[in-house]
Enquirer: 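Submitted below is the structure of interest, expressed as structure tokens.
By convention in this document, chain letters (A, B, ...) are assigned in the order of the sequence lines, proteins followed by strands, and residues within each chain are numbered from 1.
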Amino acid sequence: MSMIFVQLPDGSKKELSEGSSALDLASGIGRRLAEAAMGARINGAVAGLATTLNDGDTVEILTFDTREGQDVFRHSAAHLMASAIMKVRPNTKLAIGPSIEDGFYYDIDADPPLTEEDFPAIEAEMAALVKADAPFVRREVSKAEALNHFRAQGDIYKVELIEGLEDGAITYYDNGDFTDLCRGPHLPSTGRIKAFKLLSVAGAYWRGDEKRPMLQRIYGTAFPNKKQLDEYLALRAEAEKRDHRRLGRQLDLFSFHTAGPGFPFFHPKGMIVLNSLLDFWHEEHRKRGYGQVRTPIILDRGLWEQSGHWDHYKENMYFTQIDERDYAVKPMNCPGGMLIYKTAKRSYRDLPMRMAELGTVHRHEKSGVLHGLTRVRMFTQDDAHIFMTPEQIQKEVIGVIDFVDTVYSLFGLEYAVELSTRPEKSIGSDEMWETATSSLKSALEAKGMAFKINEGDGAFYGPKIDFHVRDSLKRSWQCATIQLDFAMPEKFDLEYTGPDGNAHRPVMIHRVIYGAIERFLGILIEHFAGAFPTWLAPVQAVVIPVASAFEDYAKEVNGALFARGFRVEVDDSTETMKYKIRNAQTQQIPYMLVVGERERENRTVAVRHRRHGDLGSLSLDTFVERLGEEVRTRALDTALAVPKAE
RNA sequence: GCUGGCGUAGCUCAGUUGGUAGAGCAACGGAUUUGUAAUCCGUGGGUCGGGGGUUCAACUCCCUUCGCCAGCUCCA
């Protein structure tokens, strides 16, 4: 008597009747069962089965609603694509083809290289394979057999992969006449991949190693039905529209010029946003007991040798020579902070000593990595160095974590946390690293914060906690970082006098909250799709007279708002009111104040909000008061009453 | 830096097999004086990223260089 269980997505198990082959389960029973158990139709595929099952096995039914289910689905789609590529280009060598968030890719070595022009042919072949509905069949092979097979095909990549595998643990998945080395699991058959699209092709190093050959990576995505695929594609198109590089031009915030690749130029409107961010930053630092310092951009070579940057960071630094003396342009602010610390004899009573610095740094990034404001060669870090006793570490780290959370919450930004440990190129002893790493870890645990460990990704002088925020195209960017450093105080021989009257070595934290203000601005532009909260908006309100006869009153309204410190403009161009409104909308100006006969009579303004539309008339005084409230509280939405949508 | 792609007016883009460039928006001028997302008419604007080559002739082909885009490697 066979006993096979199906584990449903809700965690419960259901026994299946005898005689169901795994394939049957997968292709038919699985979905039906799952639907019955959940009391609803599953909008998607059932995935993830092995082809041979033993008594007592549990079969997990994955739906497309789960990440695991999507992985199986997309991974099967990757096989489907590889199969189609082999039909279109029989002499292609295959490397690996995993699923990724929202899709999949396959790394291939095609000669001549595939281009997007080949996509239609490949997609047509894929469609034919979907129609054929060939099952994915798992089978185990010996290492020798696998090696022979792929050597015969001349696929050096698969051969290398197999060489790294243990004999006895090698499985193939057959699908029609296509066979691929794979751990699985897969969909029962190709017929389920109803909707797919190849998206792009780009280069990728074999095994992620820049010293190895570059392969072609074909990106694609797949969904259980066309509707979901179309929705996804529409979302992508929408995301592209909020690309900060595009909005930066449209909103006249910043520009780039060939005269300085990677060096951003901020326009007046961009500076308003930036300065508003910094006003907030200053307030918060004052509250949290930080002092502020400023240190030079270029400093003597000897200092960089002492700090270790000369040995560990030289390839990213700019240099200059003045009066036959070597200088480096600072890529980080810490050495300057060290020198300030050393200007006096410090006591334990002075600690923790928190010194913030809006430090402009230059880093010679490789040309291919530049990306709008999010990856530049000159940027300003909202840096701070906290000097403290070892006993103060936890409290200070927690303080910074809270700080980051407060700031990000204000913008409604979600973030992911990572703990990065000791890299290969590093300074300091094993114990230092051990203590520093566990201090950061325990602070995160004390905060009950979920985090991922990123082995070997720390700074050369210490481990760090990184906060990652995503851009509109789901690319993740590191913003805030908290780095614990025992090494730099050692190198600079920092000391403080303890209660015992003896000299002790302080520990330091390097931290940024926004990260780089340029990058943070880039992310905010995308996060808000250009519609900054009023406190950040370059223009907070525009007064629009319905006709030139009302320009006087419009100017009066403008003057009243200006006097209260608001950023306001009058649109007195000879265009129509509709045109001016449209203009203000495209510029994402929060408030449009329409004034005509009625408003002039009653000393009111007709308020239109960029998102909520017409909010009706308000007395000028009331509007000023509410706007003030909205700006003062740095609110995300309007402080005015918004009629409820039906 | 690597692989691939792309550089045409301020912006978004057309430009057929090589025969010295067009549109919409923007700008400017004029008319219009308008009640919640584009009023109408007109004008100016480009050594087609730079340099070199092939050709009677190059925006179109080739080389080179710079920049941009996607991804990889690297990073705030």
Enquirer: Could you list the donor-acceptor pairs under 3.5 angstrom formed between side-chain atoms of residues 252-268 of chain A and any protein atom two or more places apart in sequence or on another chain?
Expert:
residue, atom, partner, partner atom, Å
A:Ser255, OG, A:His257, NE2, 2.8
A:Ser255, OG, A:His267, NE2, 3.4

Enquirer: Listed by chain and number, what are the side chain to side chain contact (heavy atoms under 4.5 Å, CB included) partners of A:Glu210, not counting sequence neighbours?
Expert: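 Per chain and number, A:Glu210 pairs via side chain to side chain contact (heavy atoms under 4.5 Å, CB included) with A:Tyr205, A:Lys366.
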Enquirer: Output all residues satisfying salt bridge (Lys or Arg N to Asp or Glu O under 4.0 Å) with A:Arg608, sequence neighbours left out; order by chain, then residue number.
Expert: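 With neighbours one apart ignored, the set is empty.
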Enquirer: Applying side chain to side chain contact (heavy atoms under 4.5 Å, CB included), can you list everything that pairs with A:Thr380, at least two apart in sequence or on another chain?
Expert: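 Here the qualifying residues are A:Leu358, A:Thr360, A:Ile517, A:Glu518.
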Enquirer: Enumerate the residue pairs fulfilling ring-ring contact (aromatic ring centres under 6.0 Å, His included) with a member in residues 578-602 of chain A, sequence neighbours excluded, ordered by first and then second residue.
Expert: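 Residue pairs passing ring-ring contact (aromatic ring centres under 6.0 Å, His included), neighbours aside: A:Tyr591-A:His609, A:Tyr591-A:Phe623.
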Enquirer: In residues 595-604 of chain A, which residues come under 4.0 Å of RNA chain B by heavy atom?
Expert: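 Result for residues 595-604 of chain A: A:Gly596, A:Glu597, A:Arg598, A:Glu599, sorted by number.
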Enquirer: Please list, in numerical order, the residues of residues 261-268 of chain A that have a heavy atom closer than 4.0 Å to any atom of RNA chain B.
Expert: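 Heavy-atom cutoff 4.0 Å gives A:Pro261.
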Enquirer: Using a heavy-atom cut-off of under 4.0 Å over every strand shown, decide if A:Tyr205 touches base, sugar-phosphate, or nothing.
Expert: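 Answer is base: heavy atoms of A:Tyr205 come under 4.0 Å of a base.
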Enquirer: Return the pairing partner of B:G44 with a 3.5 Å limit on both distances, Watson-Crick or G-U wobble; otherwise return none.
Expert: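 Matched B:G44 with nothing under the 3.5 Å cut-off.
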Enquirer: Can you tell me, in whole Å, how much space there is between the P of B:U16 and that of B:G49?
Expert: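 Going atom to atom, P in each nucleotide, I get 15 Å.
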Enquirer: Check side chain to side chain contact (heavy atoms under 4.5 Å, CB included) between A:Asp552 and all other residues, then give those that pass, not counting sequence neighbours.
Expert: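 Side chain to side chain contact (heavy atoms under 4.5 Å, CB included) list for A:Asp552, sorted by chain: empty.
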Enquirer: Run the side chain to side chain contact (heavy atoms under 4.5 Å, CB included) test against A:Glu123 and tell me which residues pass, sequence neighbours left out.
Expert: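 Only A:Phe196, A:Lys197, A:Leu198 meet the side chain to side chain contact (heavy atoms under 4.5 Å, CB included) criterion with A:Glu123.
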Enquirer: List in chain and number order the residues that pass ring pair (Phe, Tyr, Trp, His ring centres under 6.0 Å) with A:Tyr219, two or more places apart in sequence or in another chain; answer none if no residue qualifies.
Expert: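 Counting only residues at least two positions away or on another chain, A:Tyr219 forms a ring pair (Phe, Tyr, Trp, His ring centres under 6.0 Å) with A:Tyr105.
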Enquirer: Taking the side chain as C-beta and beyond, is there a heavy-atom pair between A:Asn454 and A:Leu419 under 4.5 Å?
Expert: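 Not in contact.
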Enquirer: Checking A:Glu526 now: which residues fulfil side chain to side chain donor-acceptor pair (under 3.5 Å) with it, not counting sequence neighbours?
Expert: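 For A:Glu526 the side chain to side chain donor-acceptor pair (under 3.5 Å) partners, ignoring immediate neighbours, are A:His244, A:Ser472.
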Enquirer: Rounding to the closest angstrom, what is the interatomic distance between B:G7 and B:U64 at atom C1'?
Expert: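 To the nearest whole Å, 16 Å.
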Enquirer: Which nucleotide span of RNA chain B, 5' end to 3' end, has atoms closer than 4.0 Å to non-hydrogen atoms of chain A?
Expert: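 Contacts span B:G1 to B:A76, reading 5' to 3'.
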